[in-house]
Protein chains: 2
Amino acid sequence: MARAKTAKPYHHGELREALVSAGRKLLEEKGVRGFTLRECARRAAVSHAAPAHHFASIDDLLAEIATRGYHELTAAMSAEARRSGNEPAARLVGQGVGYMAFAAANPVLFQLMFSREANRFEAPELAEAAKSAYHLHREAVEAVIPQASGDVKERMVDFAWAAVHGFITLVLEGQLGEKDSSRALKARGLAALSAMVEAVVRAGGEPG
Amino acid sequence: MARAKTAKPYHHGELREALVSAGRKLLEEKGVRGFTLRECARRAAVSHAAPAHHFASIDDLLAEIATRGYHELTAAMSAEARRSGNEPAARLVGQGVGYMAFAAANPVLFQLMFSREANRFEAPELAEAAKSAYHLHREAVEAVIPQASGDVKERMVDFAWAAVHGFITLVLEGQLGEKDSSRALKARGLAALSAMVEAVVRAGGEPG
DNA sequence: ACTCCAATCTTGTCATCAGCAAGATAGGTT
DNA sequence: AACCTATCTTGCTGATGACAAGATTGGAGT
């Protein structure tokens, strides 16, 4: 039957994308606990049961959103490292800046990506996406201390990631510099990054 | 009326405590998203509406649990620092060990305490409890670099906390050393702490 | 000892949620 | 043109948080 111009088409056409997109906004607005499948459906203008044909459960949708988050995180790290030139230490700082910038722009998504729940989502692509971000970081650290032993490298990979991740995490949680301007916060972040890189360089300089 | 020995007393007597206790176990079992007020009530053997008389909302109960978590965290940090003697650097490492030990023993609670939601709970005692943990940390860092300028001190407080918090956070999320034994993980944690303290000491040695 | 009252706990209800079932529609395939 | 499968719908079930109204309790004041 020919439908009137104003009638809603029965088939959405790009519902999966629409749900991911709506879900991502909803996530930032309402937080992880306020996220509901039905609200996603409402925002995509479909019935409450429509999402089931694209995502087996609410966790499935969250996993997809988190996976895309990791892809974006990786891209942000790469881009900022590239902007920082060829010097390994500068690139490591840049990658950290990219990491923090992504987190600051997507605080709730970032929290979801690094939450305990996300780790139990059993989504292979999610684990894959997370690993590629990790490898990017690992390579950047190792490039700074190419002469160090494997043990030292591993420890510095841990340490560097912990410093970057810990700093931005504490900021997003409001534990650090609540009243600071975003400009001042950026300066504090850069200071933390500098301290981290310096520590890595020193540790790498003592071979063994 | 005299009630039979087997009859359940109408008044619980210590329901608030029972709910906090049950809620804490439930939290670790089911995670933040699996936490429900009704299950807490069930475990305390009261009706589903009973908790309302002790906690205005589910967030209120979570805030109380988080507040107690901060008190325990502070205690764990203090105790481990005390065990580490009087040397400031050793005490800072010890405090970090206490921090990580608490987090490892209460992973979900720890995640809750440092989640975005917890920050919006609007519970004065929660903010208070969080601050006292922060001050403990600040003092421990400043004791290591008493001669440093205020700026350097502030930056090292940021940095040290970020390193400790970031490391244990990544471990609890399963991002770091998934397959490591807890013994190996502890070693990696200590390595991160050492690198952190060394960096703080060096930075503090350059006055200004 | 008696009364009364406020705190505590109960049952019952409502709107909302995730997930499932069964039926309607659409777009593509043979 | 017939069909067939993915997509989307309405309509349920069981559970949740919050609220309302009533029952019970223990204690404060007389």
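All chains are named by letter (A, B, ...) in the order of the sequence lines, taking the proteins before the strands, and each is independently numbered beginning at 1.
Between B:Arg43 atom CZ and D:dT16 atom P the separation is 12 Å, expressed in whole Å. Atom CG in A:Leu37 sits about 12 Å away from atom P in C:dC20, given to the nearest Å.
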**Report entry** Annotated protein contacts, base or backbone, on nucleotides 11-16 of chain C with a non-hydrogen cut-off under 4.0 Å, one of B, S, - each
**Finding:** BBB---

Could you list the donor-acceptor pairs under 3.5 angstrom formed by side chains in residues 99-106 of chain B, with sequence neighbours left out?
residue  : atom : partner  : partner atom : Å
B:Tyr99  : OH   : B:Trp161 : NE1          : 3.0
B:Tyr99  : OH   : B:His165 : ND1          : 2.8
B:Asn106 : OD1  : B:Arg24  : NH2          : 3.2
B:Asn106 : ND2  : B:Phe102 : O            : 3.0

In residues 49-58 of chain B, what donor-acceptor pairs under 3.5 Å come from side-chain atoms, sequence neighbours left out?
residue : atom : partner : partner atom : Å
B:Ser57 : OG   : B:Asp59 : N            : 3.3
B:Ser57 : OG   : B:Asp60 : N            : 3.3

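With respect to B:Glu17 and B:Arg68, a salt bridge is recorded, a charged nitrogen being found less than 4.0 Å from a carboxylate O. Under a 4.0 Å N-O distance rule, the pair B:Lys25/B:Glu39 does not qualify as a salt bridge. Ion pairing of B:Glu80 with B:Arg91 is absent here, as no side-chain N (NZ or NE/NH1/NH2) approaches a carboxylate O to less than 4.0 Å. Salt bridge status for B:Lys131 with B:Glu128: absent, with no side-chain N to carboxylate O gap under 4.0 Å. Salt-bridge formation is detected for the pair B:Arg138/B:Glu142: a Lys NZ or Arg NE/NH1/NH2 atom is positioned less than 4.0 Å from an Asp or Glu carboxylate oxygen.
Of the residues in residues 51-61 of chain A, A:His53, A:His54 come within less than 4.0 Å of DNA chain D through at least one heavy atom, sorted by number. Annotation: proximity of residues 13-27 of chain B to DNA chain C (heavy atom, distance under 4.0 Å) is found for B:Gly13, B:Leu15, numbered in ascending order.
Residues passing the side chain to side chain donor-acceptor pair (under 3.5 Å) test with B:Glu117, sequence neighbours excluded: none.
With contacts defined as side-chain heavy-atom distances shorter than 4.5 Å, the pair B:Gln111/B:Leu172 does not qualify.
No donor-acceptor pair under 3.5 Å is formed between the side chain of B:Asp180 and the backbone N or O of B:Leu185.
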